[in-house]
Amino acid sequence: MEQRFTFDGVAKLYDSARPLYPDALFTDTIEFAGLEPSDRMLEIGCGTGQATEGFARQGLSILATDPGEGLIAVARERLAKFPQVRFAQTTFEAWSAEQGGFKLIAAAQSFHWVAQELRLAKSAALLAPRGALAVFGSVPMPPEPKFAERFADIYARHAPQLSGPPVESWYLPDGPFAEQLRQSDQFEAPTEHCYRWSRSHTAQGYTDLLRTLSSYRLLPEGRKEALLAELADAIAAQGDVFELHYETHLYLARRSNET
């Protein structure tokens with residue numbers, strides 16, 4: 001199974017376990033794009049609609065795409081009270097639409113799944129003149145030492161390939177995407193925002209979150225369960241709760257006049 005399609009099998013858990021995005025992110029994006037309620041926006045990889053809801057609350061007309069049937073089913077239920085939100089079950093690569101029709105294209109924790117040769121070029125083609133691209137992702141920071149040391153030992157024994165920087169590091173300012181956007185001819189120089197926040201995790205809540213990550217979904221079942229059980233035990237031994245710090249990085253860029 002292609003890695004980006006693994007989320008659909010845990011759609012409801014994904015919706016309950018994944019953290020939301022800071023409210024300020026939606027305010028900053030709408031202000032940058034100069035959006036009015038009548039403007040159309042496209043969301044790439046909406047998942048269960050967590051970020052979609054943040055934009056929908058602003059009254060925007062949204063077309064949200066995702067390849068996961070189960071994910072979209074949860075998103076439809078979540079956003080039932082927002083009739084201006086529509087859904088299309090498709091990958092961004094396969095989806096076709098009239099070019100130049102959107103004032104904003106947004107991708108929440110999903111742009112790294114889009115084929116590199118199409119990410120920026122297709123986004124620019126679908127944007128109206130002076131339209132804006134918003135790409136954002138939340139990056140977990142290393143836990144405090146008493147957890148980090150214990151976690152490192154557990155990963156070394158059960159899944160050493162997961163012990164390095166998280167996949168979400170792609171969204172850091174020194175990650176590959178920021179440089180790709182800065183070098184792009186399709187977009188003007190980007191504006192970057194960083195939102196720092198934290199979330200308390202219980203042993204159950206944290207392992208539920210890990211179960212929704214594609215890299216864990218692809219582990220052999222026995223190895224995955226052993227890994228998660230030991231992580232849960234390590235958290236339980238420290239009072240069954242720990243605070244994990246996050247950085248959400250937002251990149252905003254206008255479509256180039258030359259596009």
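Quick note: numbers below take in every heavy atom, side chains included, and nothing from hydrogens, waters or symmetry partners.
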> Would a distance-only check, ignoring hydrogens and angles, find a side-chain to backbone donor-acceptor pair under 3.5 Å from Lys103 to Leu127?
Replying inline: no
> Going by the ring pair (Phe, Tyr, Trp, His ring centres under 6.0 Å) test, which pairs reach into residues 53-87, not counting sequence neighbours?
Replying inline: Phe26-Phe55
> Do Val114 and Phe102 belong together in a cluster built from hydrophobic side chains that touch within less than 4.5 Å?
Replying inline: yes
>> In this structure, is the centre-to-centre distance between the rings of His193 and Tyr251 below 6.0 Å?
In response: no
> Regarding Thr48 and Arg78, is there a side-chain donor-to-acceptor distance under 3.5 Å anywhere?
Replying inline: no
> Just by distance, with hydrogens left out, do Glu192 and His249 show a side-chain donor and acceptor under 3.5 Å apart?
Replying inline: no
>> If only side-chain N and O atoms count, and only distance matters, is there a donor-acceptor pair under 3.5 Å linking Gln84 with Ser61?
In response: no
>> Side chains of Ser198 and Glu243: any donor to acceptor distance under 3.5 Å?
In response: yes
>> Determine whether a donor-acceptor pair (N or O, by modelled atom type, separation under 3.5 Å) exists between the side chain of Gln50 and the backbone of Asp15.
In response: yes
> For Glu77 and Lys12, what are the C-alpha separation, side-chain angles and deciding distance, and is it a salt bridge (Lys or Arg N to Asp or Glu O under 4.0 Å)?
Replying inline: CA-CA 11 Å; Glu77 182 177 351; Lys12 290 186 177 180; over 6 Å; no
>> Between Gln186 and Ser184, is there a side-chain donor-acceptor contact under 3.5 Å, judged purely by atom types and distance?
In response: yes
> Within the distance-only criterion (no hydrogens, no angle test), does the side chain of Asp66 pair as donor or acceptor with the backbone N or O of Gly47 below 3.5 angstrom?
Replying inline: yes
>> Distance to the ring centre below 6.0 angstrom and angle to the axis at most 45 degrees; does that hold for Arg199 and Tyr206?
In response: no
> Can the ring centres of Tyr171 and Phe136 be said to be less than 6.0 Å apart?
Replying inline: no
> Does Gln109 reach the main-chain N or O of Ser138 with its side chain, forming a donor-acceptor pair under 3.5 Å?
Replying inline: yes
>> Just to verify, what does Glu149 make a salt bridge (Lys or Arg N to Asp or Glu O under 4.0 Å) with, not counting sequence neighbours?
In response: none
